[in-house]
Peer 1: 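Below is one structure. I have some questions about it.
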Amino acid sequence: MNYKESWKTEKSMNKWAKGMRNKLEGRYLDLFNQQLSTMRKANDYTKATFVMYWAIQTQDPLSEYAVYITQATLMSMTDKYLQLNKMQEANAIHQMNVNFARLIGGLDNEEE
């Protein structure tokens, strides 16, 4: 799936939303519809985050890699701040990554 195309135009967002509605029910469908109505005025970053969130929630193939992509993103951000010699920012993101790994581990233990 070309995720980026999902949020680029109102037409493509509507097409994606129609498919997503078919995957949802109950409170998730209600929540999706409430949030979708605010997306029309949102910027691309917010729309992209919305699309990615629902892809992960519905066990889209992307969801298998979401945790790893998140950790890799945090590591990449840490490296970029280190290159800029912005130690406070690099340390803050490093701590986010440490806590993210700890919290994900807690979820894994709950699912067993």
Side-chain angles (χ1 to χ4, degrees):
M1 172 177 194
N2 186 344
Y3 298 101
K4 192 174 183 179
E5 292 301 316
S6 299
W7 64 79
K8 281 297 175 188
T9 66
E10 189 168 337
K11 182 179 178 180
S12 62
M13 189 85 168
N14 288 336
K15 182 179 176 182
W16 169 82
K18 183 179 179 182
M20 189 56 64
R21 282 188 187 104
N22 292 332
K23 297 178 181 181
L24 301 170
E25 55 187 49
R27 81 172 192 87
Y28 288 110
L29 180 58
D30 293 340
L31 183 60
F32 177 82
N33 287 327
Q34 288 170 0
Q35 293 172 348
L36 181 64
S37 67
T38 65
M39 288 300 119
R40 300 199 195 302
K41 297 178 183 175
N43 62 36
D44 279 353
Y45 177 82
T46 303
K47 288 177 184 178
T49 301
F50 179 75
V51 168
M52 295 293 94
Y53 171 82
W54 286 104
I56 293 167
Q57 287 298 102
T58 57
Q59 298 300 308
D60 181 272
L62 176 70
S63 67
E64 183 179 345
Y65 304 104
V67 170
Y68 312 115
I69 292 168
T70 301
Q71 282 195 280
T73 300
L74 291 171
M75 291 170 70
S76 177
M77 289 174 66
T78 300
D79 185 54
K80 287 178 182 178
Y81 275 116
L82 287 172
Q83 290 175 17
L84 295 170
N85 202 28
K86 294 189 173 188
M87 302 311 283
Q88 187 173 3
E89 291 86 347
N91 188 49
I93 295 169
H94 172 73
Q95 289 303 314
M96 289 169 61
N97 204 6
V98 167
N99 284 313
F100 180 80
R102 178 181 58 81
L103 293 168
I104 286 294
L107 286 176
D108 289 343
N109 292 336
E110 290 294 320
E111 293 174 355
E112 292 175 355

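Positions are given from 1 along the sequence.
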Peer 1: Grab the two heavy atoms, one from L62 and one from A55, that are nearest each other, plus how far apart they are.
Peer 2: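 The pair with the smallest heavy-atom distance is CD2-CB, 4.4 Å.
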Peer 1: A17 and L36: which non-hydrogen atoms are nearest, and at how many Å?
Peer 2: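 Taking every non-hydrogen atom into account, CB-CD2, 3.6 Å.
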Peer 1: Just verifying a value: how many Å separate Q83 CD and N85 CG, rounded to the nearest 0.5 Å?
Peer 2: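 Between Q83 CD and N85 CG, I get 11.0 Å after rounding to 0.5 Å.
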Peer 1: Side chain to side chain contact (heavy atoms under 4.5 Å, CB included) between V67 and Q71: does it pass, once the steps are laid out?
Peer 2: CA-CA 6 Å; V67 170; Q71 282 195 280; 4.3 Å; yes
Peer 1: I'd like to check the ring pair (Phe, Tyr, Trp, His ring centres under 6.0 Å) partners of W7; sequence neighbours left out, ordered by chain and number.
Peer 2: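 Residues passing ring pair (Phe, Tyr, Trp, His ring centres under 6.0 Å) with W7: none at all.
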Peer 1: Classify the angle between the aromatic ring planes of W16 and F50 as parallel (below 30°), tilted (30 to 60°) or perpendicular (above 60°).
Peer 2: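 Aromatic pair W16/F50 classed perpendicular.
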Peer 1: Is the number of heavy atoms from other residues, nucleotides or ligands under 6.0 Å of Y65 OH greater than 12?
Peer 2: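 No.
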Peer 1: Kindly indicate whether the side chain of V98, heavy atoms from C-beta on, has any atom under 4.5 Å from the side chain of M96.
Peer 2: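 Contact flag for V98/M96 side chains = no.
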Peer 1: Does some side-chain heavy atom of W54 sit less than 4.5 Å from a side-chain heavy atom of Q35?
Peer 2: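 Sidechains of W54 and Q35: in contact.
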Peer 1: With a 4.5 Å limit on heavy-atom distance, are the side chains of V51 and K4 in contact?
Peer 2: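 No, side chains not in contact.
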Peer 1: Suppose the criterion is ring-ring contact (aromatic ring centres under 6.0 Å, His included): which pairs have a residue in residues 73-95, not counting sequence neighbours?
Peer 2: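 ring-ring contact (aromatic ring centres under 6.0 Å, His included) check on residues 73-95 returns no pairs.
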Peer 1: With rounding to the nearest 0.5 Å, note down the distance linking CE in M39 to CD in E10.
Peer 2: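 So the CE of M39 and the CD of E10 are separated by 13.0 Å.
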Peer 1: Is there a side-chain contact between M87 and L82, using heavy atoms and a 4.5 Å cut-off?
Peer 2: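 A side-chain contact exists here, since the closest heavy-atom pair is under 4.5 Å.
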Peer 1: Could you state the interatomic distance from CZ (F100) to CG (L74), rounded to the nearest 0.5 Å?
Peer 2: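 Answer for the CZ-CG pair, F100 versus L74, is 7.0 Å.
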Peer 1: Taking atom types as modelled and ignoring hydrogens, do the side chains of Q95 and N99 form a donor-acceptor contact shorter than 3.5 angstrom?
Peer 2: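 Judged by distance alone, the side chains do not pair up.
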Peer 1: Taking A72's backbone N and O only, do any of them form a donor-acceptor pair with S76's side chain (distance below 3.5 Å, no angle check)?
Peer 2: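 The answer is no, because no donor-acceptor pair under 3.5 Å joins these two groups.
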Peer 1: Quick one: OG1 on T49 to CG on D44, what's the gap to the nearest 0.5 Å?
Peer 2: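 Output value for this atom pair is 10.5 Å.
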Peer 1: Rounded to the nearest 0.5 Å, what's the gap from CG on N97 to CZ on R102? Could you check?
Peer 2: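 Here the interatomic distance stands at 12.5 Å.
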Peer 1: Take atom OH of Y28 as the centre, draw a 6.0 Å sphere, and report whether it contains more than 12 heavy atoms from other residues, nucleotides or ligands.
Peer 2: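 Count not over threshold, so no.
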Peer 1: Treating D60 as the side-chain partner and S63 as the backbone partner, does any N or O pair qualify as donor plus acceptor under 3.5 Å?
Peer 2: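 It does not hold such a pair.
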